[in-house]
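Single-structure report; data block below.
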Amino acid sequence: MARPKKNIPIEEKIQKAEQKVQSTKLEYETACSELKALLEERNRIQADILLKAMAKKGKTFDELLRFIEL
């Protein structure tokens, strides 16, 4: 035999949905913040590699920029 369905008042459902939205929003914001930090770190690493390569080859910033713009 099937169980009878609980009659949860609409206000309780709304409250639970709002709580879920709030917790999901917090998780989303945390994930976005972490992604932003990781992207910034990757950019710093790439810039460092580029600067080291420029120094190793004895190229100036202007020379490198001209090369890229070709």
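Treat the numbers as computed from the prediction; the structure is a model and nothing was measured.
Here CG of N43 is found 11.0 Å from CG of L38. Values are rounded to the nearest 0.5 Å.
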For residues 15-23, which side-chain N or O atoms pair as donor and acceptor with protein atoms under 3.5 Å away, sequence neighbours left out?
unit_1, atom_1, unit_2, atom_2, d
S23, OG, Q19, O, 3.4
S23, OG, K20, O, 3.0

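Clustering of Ile, Leu, Val, Met, Phe, Trp and Tyr side chains at separations under 4.5 Å places I45 together with I49.
Among residues at least two apart or in separate chains, there is no side chain to side chain donor-acceptor pair (under 3.5 Å) pair with a member in residues 24-33. Residue pairs meeting the salt bridge (charged side-chain N to carboxylate O under 4.0 Å, His left out) criterion with at least one partner in residues 57-70, sequence neighbours excluded, are absent.
Residues passing the side chain to side chain donor-acceptor pair (under 3.5 Å) test with R44, sequence neighbours excluded: E41. Here D48 pairs with K52 under the side chain to side chain donor-acceptor pair (under 3.5 Å) rule; sequence neighbours left out.
Nearest heavy-atom pair across M54 and T60 is CE-C, 3.7 Å.
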